[in-house]
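Below is one structure, written out as structure tokens; comments come after it.
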Protein chains: 2
Amino acid sequence: MNAAVGERSPLTVPEGVDERWVTSDRIGLQLIRLIRLIERQRVIKAKKEGVERAAYVLLARLVIEGPHRSNALAEAVHSDPSTVSRQIAALVKVGFVERRPDPADGRACLLAATAEGHRVFAANRDLRNRWISDVTSDWDETDRERLVDLMDRFTTALENHHESDATGVEEDR
Amino acid sequence: MNAAVGERSPLTVPEGVDERWVTSDRIGLQLIRLIRLIERQRVIKAKKEGVERAAYVLLARLVIEGPHRSNALAEAVHSDPSTVSRQIAALVKVGFVERRPDPADGRACLLAATAEGHRVFAANRDLRNRWISDVTSDWDETDRERLVDLMDRFTTALENHHESDATGVEEDR
DNA sequence: GTGCATAGTTGTACCGAACAAGCGATTGTA
DNA sequence: TACAATCGCTTGTTCGGTACAACTATGCAC
């Protein structure tokens, strides 16, 4: 599983170019593997709780970064405004988020996490963190930090990389 | 965006425990961010090509690791057999995969990528790799390798970690 | 040879997301 | 002050991808 590069005999190796190809390949494969795995976990877990699981990411955003407009939120999480709108509606209904008028623009409204929203999010966050700590229990802290730094860097690179020419990973997951 | 730890004043820091909490927290946040972003790319890209995009991961598996039984494949990619069955059917229909009798068990059949399947996959793989190389064009190779090694390690840890107690990341993405 | 386990398929439902069209309120201009 | 264009958000609809559950059928093993 972990190995498997396939094709491209290692004999060819013209001049370092191929080395990069191989690493890119491995990155792609790992991304696919990781994402599929986490999606799976999601589905396993997706039974309890009243609110749509997908909505939690919005709650997280509101808790961590403070009030946002709906559209800004959508952009921040790379979702469609309509999607966010529905998710927010659900969060409002259960009282985790509240709408306030936006002083800057009369027709907009600011979304903010309620006290209850904060509480719920914190609980979930702790759960998640415990889980991650568990999974990485035999890692030393330096490696964990290295991982997160590199992931951050990678994701940021992805975000900055012209969104238009999207090609790749999704193609064969 | 990148920062934002929220809660838990850094002043508290009892005895290193909290340091781990913070890192776990960052990992969780990064996972969410990364996954959401890639999902988005997928949707953007998901227009051309005849075969279900999700099926490509199976093709990849068959090309890289050789023939599999359908159920084995399902397990390998953490999907339901029914899902895989349908996806394979699609791949067979377009001629990227073929069924062969399994010598070891008469009622099973082995799935294998056809020559055409190999070709299509290779093309996609190159595309994907070019994209990844692009995104990381200003990284030095060592960092790219570090990233992939850590990701691999993390995903493997995830896989090994009792699938039963799934908790966390999916909770608020 | 005969139950019986097992490999795989099909029916159905659901979730999450996107696209597109609509609605209403605002702002800014005549 | 009135009207048009814009903007922020919501609703209608569709689709992809998946899982669960029930079913079929085939060869295994005793």
Side-chain angles (χ1 to χ4, degrees), chain A residues 32 35-58 68-75 77-93 97 99-111 163 166 170-173, chain B residues 32 35-58 68-75 77-93 97 99-111 163 166 170-173:
Chain A
I32 290 166
I35 286 175
R36 175 64 206 135
L37 195 54
I38 291 190
E39 260 170 15
R40 184 70 202 310
Q41 305 254 16
R42 173 158 66 223
V43 104
I44 288 172
K45 208 47 187 162
K47 27 204 65 164
K48 60 173 192 179
E49 299 285 347
V51 179
E52 213 180 336
R53 292 83 211 58
Y56 273 102
V57 70
L58 299 180
H68 277 68
R69 308 240 277 245
S70 183
N71 281 351
L73 211 47
E75 194 167 351
V77 301
H78 308 283
S79 282
D80 192 85
S82 65
T83 303
V84 170
S85 172
R86 278 179 239 269
Q87 291 172 346
I88 287 295
L91 288 171
V92 168
K93 196 158 73 181
V97 166
R99 299 175 202 267
R100 308 180 185 150
D102 183 345
D105 186 336
R107 62 218 142 134
C109 60
L110 279 179
L111 305 166
E163 237 86 1
E170 72 286 352
E171 286 299 64
D172 51 350
R173 58 164 285 281
Chain B
I32 292 166
I35 286 174
R36 176 64 207 134
L37 195 52
I38 291 191
E39 260 170 14
R40 185 74 202 311
Q41 304 253 14
R42 174 157 65 223
V43 104
I44 289 173
K45 207 49 187 164
K47 26 205 67 162
K48 61 173 190 179
E49 299 287 346
V51 179
E52 216 180 331
R53 292 86 213 58
Y56 273 102
V57 70
L58 300 181
H68 276 67
R69 308 240 278 245
S70 182
N71 281 351
L73 211 48
E75 193 168 349
V77 301
H78 307 283
S79 281
D80 192 84
S82 65
T83 304
V84 170
S85 172
R86 279 179 237 269
Q87 290 172 345
I88 287 295
L91 288 171
V92 168
K93 195 158 75 181
V97 167
R99 298 175 204 267
R100 309 181 184 149
D102 183 344
D105 186 335
R107 56 216 145 135
C109 60
L110 279 179
L111 305 166
E163 236 87 1
E170 71 286 353
E171 287 299 65
D172 50 351
R173 63 164 283 283

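From a predicted model like this one, the values you see are computed outputs, not experimental measurements. Here is the naming used below: chain letters follow the sequence lines, and residue numbers restart at 1 for every chain.
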| message | Is the phosphate of C:dC14 approached by A:Arg42 (side-chain N or O, under 4.0 Å from OP1 or OP2)? | response | no
| request: Give, for atom SG of B:Cys109 and atom CZ of B:Arg100, the distance between the pair rounded to the nearest 0.5 Å. | output: 11.0 Å
| query | On DNA chain D, nearest-nucleotide positions of B:Gln87 versus A:Ala72: which is more 5'? | reply | A:Ala72
| remark: When rounded to whole Å, the CZ to C1' distance for the pair B:Arg40 and D:dG16 reads 16 Å
| message | For the CD1 atom of B:Ile35 and the CD1 atom of A:Ile38, what is their distance to the nearest 0.5 Å? | response | 3.5 Å
| Roughly how many Å is it from CG in B:Asp102 to P in C:dG8, rounded to a whole number? | 8 Å
| Length of the CG-P vector between B:Leu91 and C:dT9, whole Å | 12 Å
| message | Under a plain distance cut-off of 3.5 Å, with no hydrogens placed, do A:Ser70 and A:Arg99 share a side-chain donor-acceptor pair? | response | no
| query | Closest to the A:Arg86 side chain: D:dT18, D:dT11, C:dT9? | reply | D:dT11
| query | Has the side chain of A:Ser82 got a donor or acceptor atom sitting under 3.5 Å from an opposite partner on the base of D:dC9? | reply | no
| said: Would you compute the distance between atom CG of A:Leu111 and atom CD1 of A:Ile88 and round it to the nearest 0.5 angstrom? | reply: 5.0 Å
| field | B:Leu73 side, atom CG; B:Thr83 side, atom OG1 - distance, nearest 0.5 Å | value | 11.5 Å
| request: Could you pick out which residue, B:Ser85 or A:Thr83, lies toward the 5' side of DNA chain C when each is mapped onto its nearest nucleotide? | output: B:Ser85
Do any N or O atoms of the protein come closer than 3.5 Å to N or O atoms of nucleotides 2-7 of chain C, and which pairs are they?
from: C:dT6; atom 1: O4'; to: B:Arg107; atom 2: NH1; distance (Å): 3.2

